[in-house]
Structures are given as structure tokens and as C-alpha cells.
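Written below as C-alpha cells is the structure these notes are about.
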Amino acid sequence: MASQRVLDALNNQLQMEFFSEYFYISMEAYFADNNLDGFANFFNVQAREERDHAYKIFNYIGRAGGKVVLQGIEQPKINFESPLDVFESALEHERLISNSIHDLVDLAISEKDHTTSSFLRWFIDEQSEEEESMEKIVRKLRLLKNDPAGLLMIDQELAQRTYIPPTQNA
């Protein structure tokens, strides 16, 4: 059974994961409004994955003897200057989430909660992939400097991303 400090931190992380979903939906809307359907697809998939992450934590809280405490979700940024601005914002957000997960792992270790620490290892690996994915697209967009032909190429590339539901929400 997790300590109350760990359970509170898990509930805070749960809120952050649901905010991430909401944030990525705002990015999806930006791209849909700008007729960049591939970019919109990328963030649709991203939002769905964040919801899956939230439910992993949601389910774990119960298994750890805690109670899920849903918190308010603030309005995300909705105005972006460019596709690069969107992806820089997404990268910054992923780094924030990574730091939060690392702090949560540190707390679990300090509380000698090896079960929670083990559970969070998946999130550490996932965050590494998330940051790398965003960073690659940021680098491509910086290289393009808003070249319309290049944007359309990336749009086509991002249209290929598909959502793969988890086999289980552990």
C-alpha cells in the first residue's frame, strides 16, 4: 500500500496526464483549423495516448490502496503562431511531464515504495520516447523555416501515425 504522500503525488500526476490530453486536443484543433490534417492526426493520436497514460495511473491508485481524486483542468494554450510554435510548446510540456515523473520516482524511492517505483519505470521510458519524437519534429520544422512544400511533406508523414490502443490498462 502506498503512503498518502505518494498517493497525493499520483493524483497530481493523474491531473497532469489529463491536462496533457486536453493540451494536445487544443493543438489538434489548431492544425485542423489550418487544414493540416496530418499534423492534426499526430496530436489526435498523442491526446489518446495521454488519456491511456492517465488511466494507467488511475487504475494503479486503486490497486495501491488509494482513492482517485480528480482535479480541475485549466484551459490549455489555444493560440499558436506556427507549427513550430506548437511543437516547441509540446516539447516543453513533455519535458515538464518527464520532470514530474522523475520527482514522483524520487518520492517513491524516499518512501521505500518499491512497487510504485517499479510501476513508474514504464513512464520514464515512455517520456524518453515522447521527448525524442517531439524533438525530431522540432528540428525538422526549424530546418524548413515555414517552407510550404516542406510543411506539406511533414503533414503527409504525420498523417501515417495510427493510434494503437493498449492491450491492457495496467
Cationic N near anionic O, under 4.0 Å, R95 to E135
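Yes, this pair counts.
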Would you call K77 and E92 a salt bridge, taking side-chain N to carboxylate O under 4.0 Å as the test?
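No, no charged N to carboxylate O under 4.0 Å.
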Given side-chain contact (heavy atoms from CB on, under 4.5 Å), test L104 with F119 step by step and report yes or no.
CA-CA 11 Å; L104 190 48; F119 166 74; over 6 Å; no
If only atom types and distance count, is the side chain of S26 paired as donor or acceptor with the main-chain N or O of F23 below 3.5 Å?
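Pair found, side chain donor or acceptor close to backbone of F23.
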Is a donor from one side chain sitting under 3.5 angstrom from an acceptor on the other, for [X] and [Y]?
X: N41; Y: Q160; value: no
X: Q15; Y: N11; value: no
X: E17; Y: Q13; value: yes

Which of parallel (below 30°), tilted (30 to 60°) and perpendicular (above 60°) describes Y55 and F58?
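Correct class here is tilted.
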Between F31 and F87, what is the ring plane arrangement, given parallel below 30°, perpendicular above 60°, and tilted in between?
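Answer is tilted, since the angle falls between 30° and 60°.
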Check the pair K56 / E126 against salt bridge (Lys or Arg N to Asp or Glu O under 4.0 Å), numbers first and verdict last.
CA-CA 12 Å; K56 281 178 92 66; E126 179 67 13; over 6 Å; no
Kindly write out the residues that satisfy ring-ring contact (aromatic ring centres under 6.0 Å, His included) with Y30, not counting sequence neighbours, or none if the list is empty.
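With neighbours one apart ignored, the set is F80.
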I need the minimum non-hydrogen distance between F43 and M27, along with the two atoms involved.
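Shortest heavy-atom contact: CE2-SD, 3.4 Å.
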With the side chain counted from C-beta on, respond yes when E81 and E88 share a heavy-atom pair under 4.5 Å apart, and no when they do not.
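Not touching, per the 4.5 Å side-chain cut-off.
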In terms of hydrophobic clusters joined by side-chain contacts under 4.5 Å, are Y60 and W122 together?
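Y60 clusters together with W122.
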Within a 6.0 Å radius of atom CG on D33, are there more than 12 heavy atoms belonging to other residues, nucleotides or ligands?
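Enclosed.
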Any residue meeting side chain to side chain contact (heavy atoms under 4.5 Å, CB included) with S110, in chain and number order, not counting sequence neighbours
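Side chain to side chain contact (heavy atoms under 4.5 Å, CB included) check on S110 returns L107.
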